[in-house]
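To start, the structure itself, in structure tokens.
Note that the structure is predicted; figures quoted are calculated from it, not measured.
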Amino acid sequence: MVAKRGAGACALSWDEEGEVSRGEKRRRADGDGSSDVGGGGGMGAFDALHDELVVSILADVAASAGSPADLAAAMLTCRRFRELGKHGLVLARASPSAVAVRAAAWCDDAHRFLVRCAEAGNVEASYLLGMIMFYCFENRKLGAELLGAAARRGHGEALYSMAIIQFNGSGLPKDGRNLQAGAQLCARAASRGHNDALRELGHCVSDGYGVRRSLSGGRRLLIQANFRELCAAVANGGARFAAALGRSGECKPPGPHMCLLSDYGCHVAGAAGRRAHAANAFLAGWYASRPLASGAGAAALRMCSQPTCGRPETRKHEFRRCSVCSGVIYCSRACQALHWKVAHKSACVPMAHWLVAANAGAGNAVGAAAAAAAQMAMP
């Protein structure tokens, strides 16, 4: 195994050499000097430990690791840790933070690491690798298989991402959308506590999008999503969030929390910020330094306008546009709601206003008439 310094998740070479099978006992002869811990010849107390016990310890370390570098540092402690660190139990129990590979640190070793973790049954690694394969490397089949494997095990983010793929027909022609499947996946993700999926489901029920339309039922789901979001923001932000909430004038106590009735929720809760999932952070970092793949019509492809989402279009006009200004696009209603709260609410201007401003100076009567007609056509 080769150590590669300064490469984050690439700090270890995840090759097949030195693989340790489950339950294998270490048999070392006295005086072989193979231990890196304790020094000296002969079998020490550490060498006498069975592999199962060492693997169990490493699994606990992997489950509590705060980053891929933390896990790599633990495995570099000694030769035995480097070998047993590849055990399936260790990789399966690696924490979400331990498998959160960054786009800037992507390399062959990072790829092999995620593959090994996914094969060992690590659901988070399966989801992250599925998103990378589906969007970054455009391997739709493999990406969908990995996402499906994570979704079948109840991974909320995977269920919601599969729902977005179904709603948009990502990787397929426009007629490949499956609204019913998307709504069902949203319902499953919402039942797992995924708030964006709950908000998406509320809009689906309100609009009859893939399910039977019910304005009252959709409104109840949206209020529930707003309440969850508000509670999470208060729990995470504490007094600082409460102060911001009072300054906003939107939800001043003891008055009613009108944000609970909004389609978009409380803008202070959105502005308080929530950490993007590692998969979304990877996509955003990946496309920040790499343009969308070139090809037929690829120049027209765009990214979701919610900056922390990172999802790109897989075909022209795949994502939905803002119905007022048409200047931004979103992969989902949840991304639209979040971006509206933190940025677009103050920037959205009807297209007719731009036409009026553009034609006012030139005295273009035809353009002004078209602008007026567009204004009247807006909901």
Side-chain angles (χ1 to χ4, degrees), residues 100 102-103 127-128 130-132 134-136 147 156-171 177 182 185-186 189-190 194-204 206-207 209 221-222 225-226 228-230 232-233 236 259 262-292 300-349:
R102 296 178 292 108
Y127 170 64
L128 175 57
M131 291 288 283
I132 294 172
F134 190 90
Y135 287 107
C136 298
L147 291 173
E157 288 286 350
L159 287 165
Y160 181 57
S161 292
M162 290 291 291
I164 292 177
I165 290 174
Q166 294 295 331
F167 281 139
N168 295 324
S170 300
R177 296 175 177 175
L185 287 165
C186 266
H194 198 287
N195 204 53
D196 285 346
L198 181 61
R199 187 180 304 281
E200 195 84 27
L201 183 62
H203 285 294
C204 288
S206 297
D207 300 338
Y209 197 70
L221 293 174
L222 289 174
N226 294 340
R228 285 187 184 180
E229 180 184 57
L230 191 61
N236 294 331
C259 64
S262 169
D263 285 353
Y264 302 104
C266 177
H267 78 275
V268 180
R274 56 176 180 177
R275 190 174 181 180
H277 190 276
N280 299 102
F282 188 100
L283 296 181
W286 182 270
Y287 286 108
S289 58
R290 300 170 177 84
L292 290 175
L301 299 182
R302 298 175 63 185
M303 303 287 297
C304 177
S305 297
Q306 205 288 92
T308 61
C309 172
R311 289 182 177 88
E313 289 183 314
T314 61
R315 67 172 185 279
K316 293 171 61 176
H317 310 305
E318 176 183 341
F319 293 163
R320 289 167 285 187
R321 299 178 181 272
C322 174
S323 60
V324 177
C325 68
S326 299
V328 291
I329 62 172
Y330 301 104
C331 67
S332 63
R333 296 293 290 269
C335 277
Q336 180 186 16
L338 180 59
H339 193 231
W340 175 262
K341 289 180 289 188
V342 301
H344 194 54
K345 183 177 182 179
S346 60
C348 185
V349 177

### Task
Step by step, work out the side-chain contact (heavy atoms from CB on, under 4.5 Å) result for W340 and C322.
CA-CA 10 Å; W340 175 262; C322 174; 5.7 Å; no

### Query
Counting distance only, does the side-chain N/O of R315 pair as donor-acceptor with the main-chain N or O of G169 below 3.5 Å?
yes

#### Entry: For Y330, all residues meeting side-chain hydrogen bond (donor to acceptor under 3.5 Å, both in side chains), sequence neighbours excluded
H339

### Query
Atom CG in L198, atom SG in C186: separation rounded to 0.5 Å?
9.5 Å

### Message
Looking at every heavy atom in both M131 and R311, which two are closest together, and how far apart are they?
### Response
CE-NH2, 3.8 Å

### Message
Given 3.5 Å as the limit, does a donor-acceptor pair link the side chain of E313 with the main chain of F319, or not?
### Response
yes

### Task
Please round to the nearest 0.5 Å and tell me the distance separating atom OG of S305 and atom NE2 of H344.
8.0 Å

### Task
With rounding to the nearest 0.5 Å, note down the distance linking CD in E157 to OH in Y127.
4.5 Å

### Query
Pick one: which of S161, P312, C309 meets side-chain contact (heavy atoms from CB on, under 4.5 Å) with C331?
C309

### Query
Any idea which heavy atoms bring A334 and Y160 closest together, and the distance?
CB-OH, 3.1 Å

### Task
Can you measure from NE2 (H317) to CZ (R302) and round to the nearest 0.5 angstrom?
10.0 Å

### Task
Let me see the working for N226 and R199 under side-chain contact (heavy atoms from CB on, under 4.5 Å), right down to the final yes or no.
CA-CA 8 Å; N226 294 340; R199 187 180 304 281; 2.7 Å; yes

### Message
Ring centres under 6.0 Å, that's the criterion: do Y209 and F167 meet it?
### Response
yes

### Task
Could you go through the side-chain contact (heavy atoms from CB on, under 4.5 Å) check for R333 and D207 one step at a time?
CA-CA 12 Å; R333 296 293 290 269; D207 300 338; 3.0 Å; yes

### Approximate separation, where rounding is to 0.5 Å, of L301 CG and E318 CD
8.5 Å

### Shortest non-hydrogen contact between A190 and R228, atoms and distance
O-NH1, 3.8 Å

### Task
Taking side chain to side chain contact (heavy atoms under 4.5 Å, CB included) as the test, write out the residues that go with Q166, two or more places apart.
N178, A181, L185

### Taking every non-hydrogen atom, the tightest pair across A189 and G156
CB-O, 3.8 Å

#### Entry: Qualifying residues under side chain to side chain contact (heavy atoms under 4.5 Å, CB included), relative to A103, sequence neighbours excluded
F282, W286

### Message
Nearest 0.5 angstrom please: T308 OG1 to L283 CG, how far?
### Response
11.0 Å

